[in-house]
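Lettering of chains follows the sequences in order, A, B, ..., and the numbering in each one begins at 1.
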Number of protein chains: 2
Amino acid sequence: MSATILVVEDEPGIQELLKLNLGQQGHSVLIAGDAEEAAHVLRGAMPDLILLDWMLPGQSGVDLARRIRADARLKDIPIIMLTARAEERDKVLGLETGADDYITKPFSPKELMARIKAVLRRRAPQMTEDAVEIAGLRLDPVSHRVYGRDQPLSLGPTEFRLLHFFMTHPERVYSRSQLLDQVWGDHVFVEERTVDVHIRRLRSALEPSGHDGLIQTVRGAGYRLSAN
Amino acid sequence: MSATILVVEDEPGIQELLKLNLGQQGHSVLIAGDAEEAAHVLRGAMPDLILLDWMLPGQSGVDLARRIRADARLKDIPIIMLTARAEERDKVLGLETGADDYITKPFSPKELMARIKAVLRRRAPQMTEDAVEIAGLRLDPVSHRVYGRDQPLSLGPTEFRLLHFFMTHPERVYSRSQLLDQVWGDHVFVEERTVDVHIRRLRSALEPSGHDGLIQTVRGAGYRLSAN
DNA sequence: CCGGCGTGTCACGAAAACGTCACGAAAACG
DNA sequence: CGTTTTCGTGACGTTTTCGTGACACGCCGG
């Protein structure tokens, strides 16, 4: 798995360190020393991942992240934040601006590489317009219909999006907050327990064809759709 | 096996020698000429190993080692001391300050590389999102599932985290307090004996596939997961 | 205006998980 | 061989987590 990675970092030492390690993993590396340079690079290239320092000369990393998320062409590029402080507030704020992960300095290259791998892999499955079918349950995004063993099922809008997300990401556990991000939208103010209720509603909607039970509860972790 | 290594050494000749040899082994090298520079580098990066000269201009290597050991984030980085004198007292003192190994100048590059390899092998691997498999026991963090010989096993949240930690750190003994730090979290107030109970629960959860016995008791030391 | 419909939140109870203790067995010690 | 330490285990009370029914609110078409 090799990718093009943009590094936005002003300290030459860290620049070198990242360039070396990323190069060793077979990734192509683009370097920018500040937000302006980064913006310039992004006009010409579209990296698969952005490593973004929290503290930058001039414009801060957070602002840059916001601008990237606001850009229609760039908004889907995963961002990993590099932060000097481990303060919880910073972490949360970083994630709220759309960063996919963060790591605090000093960091071990090993850990960073693992996160990069994880983030790149996480992006793999996408919700598309294609119909999905699992265990005799078929969902068609275009006609906005769900069939359980050729029997039409009736779902509400939220239940539909929830099921669509699960069916395009099977065999994976998602926490309530992850589901809120993915199904409700990134920055909604909704109680986490609300997910429970919609899971229940989805389950009862799937019951007529016996496809409830597809959605399993994983205690202490979240929910999962599994063919078993 | 490639790692990031910080070299703290003031003689340019030795610097070059180390850089060459380490680079040939596929390691990334960070260089610092004195303790101050080293501290600066450590603010941003977290190497997998530190090669530390005993004698440094200004602050001595021993002081630096002490400071590293006192830093919560850096204290687990292995340190190898480079010393000019072969006196036993110095050796002991060096080890007492937290060095994992030492080597006396002049040294043969071959010997140094051997020691580095040994120290790095001891280093604990990381927990990632990758599935782990040992002796027919498979744990997948993504789907949050555990299979023993293709038979699904049912674990509670704590048992799952405990097993995950053990499987990513096999063949190594961990004390109860270490396990509390790693699995429960750094700052929890819990009795150490609680670990015993969870070990028992984990063992019984693994029993259906005969994978209890993977977790062994080391009297007076702690617990260990071993493939035997 | 009113009556579904979709939605978010709450309260309650059941079930699971958790932490702690007491007791006895096993090992280590002298 | 008796004492002491360490560990396994069953039991118990408490806390956490989850499922579920109920309700209030906004929206929209009749």
Euclidean distance, atom CD of residue B:E191 to atom C1' of D:dC7 [Å, nearest integer]: 15 Å

Sidechain N-carboxylate O distance under 4.0 Å for B:E207, B:R203: no

Counterpart base for C:dA27, defined by Watson-Crick or G-U wobble contacts under 3.5 Å: D:dT4

Where B:P157 and A:R219 come nearest, the two heavy atoms and their spacing: CG-O, 3.5 Å

Distance in angstrom units between B:I199 CD1 and C:dC18 P, rounded: 13 Å

Base of D:dG19 paired with side chain of A:R203 (donor-acceptor, under 3.5 Å): no

Pair A:Y223 + A:F166: ring centers closer than 6.0 Å: no

Parallel, tilted or perpendicular: ring planes of B:H144 versus B:F160, cut at 30 and 60 degrees: parallel

Residues B:E129, A:K117; criterion salt bridge (charged side-chain N to carboxylate O under 4.0 Å, His left out); working and verdict: CA-CA 9 Å; B:E129 290 191 5; A:K117 219 168 113 186; over 6 Å; no

Atom-pair distance (CH2 on A:W184; P on C:dT9), nearest Å: 10 Å

Gap between atoms CG and P, on A:L180 and C:dG8 respectively (whole Å): 9 Å

Interface with DNA chain C, restricted to residues 153-161 of chain A and to heavy atoms under 4.0 Å: A:P157, A:T158

Atom-pair distance (CZ on B:R176; C1' on C:dT20), nearest Å: 15 Å

Short N-O contact, B:R176 and B:D196, less than 4.0 angstrom: yes

Complementary nucleotide for C:dG4 - Watson-Crick or wobble, under 3.5 Å: D:dC27

Could you list all N or O pairs between the protein and nucleotides 10-12 of chain D that sit under 3.5 Å apart?
residue: D:dG10; atom: N7; partner: B:R200; partner atom: NH2; Å: 3.4

Nearest-Å distance for atom pair CZ/P, residues A:R193 and C:dA11: 12 Å

Spatial distance of atom CE (A:M113) from atom OG1 (B:T4) [nearest 0.5 Å]: 7.5 Å

Stretch residues 207-224 of chain B: residues that reach within less than 4.0 Å of DNA chain C through a heavy atom: B:R219

SB check A:R115 A:D101 (cutoff 4.0 Å): yes

Between C:dG19 (C1') and B:L162 (CG): distance, integer Å: 15 Å

Minimum heavy-atom distance B:A3-A:K110, with the two atoms named: CA-NZ, 4.1 Å

Any side-chain heavy-atom pair of B:E133 and B:L139 under 4.5 Å: no

Nucleotide C:dA17, atom P - distance to CG of B:L163 in whole Å: 15 Å

Aromatic ring pairing A:H169/A:Y174, orientation class (parallel under 30°, perpendicular over 60°, tilted between): perpendicular

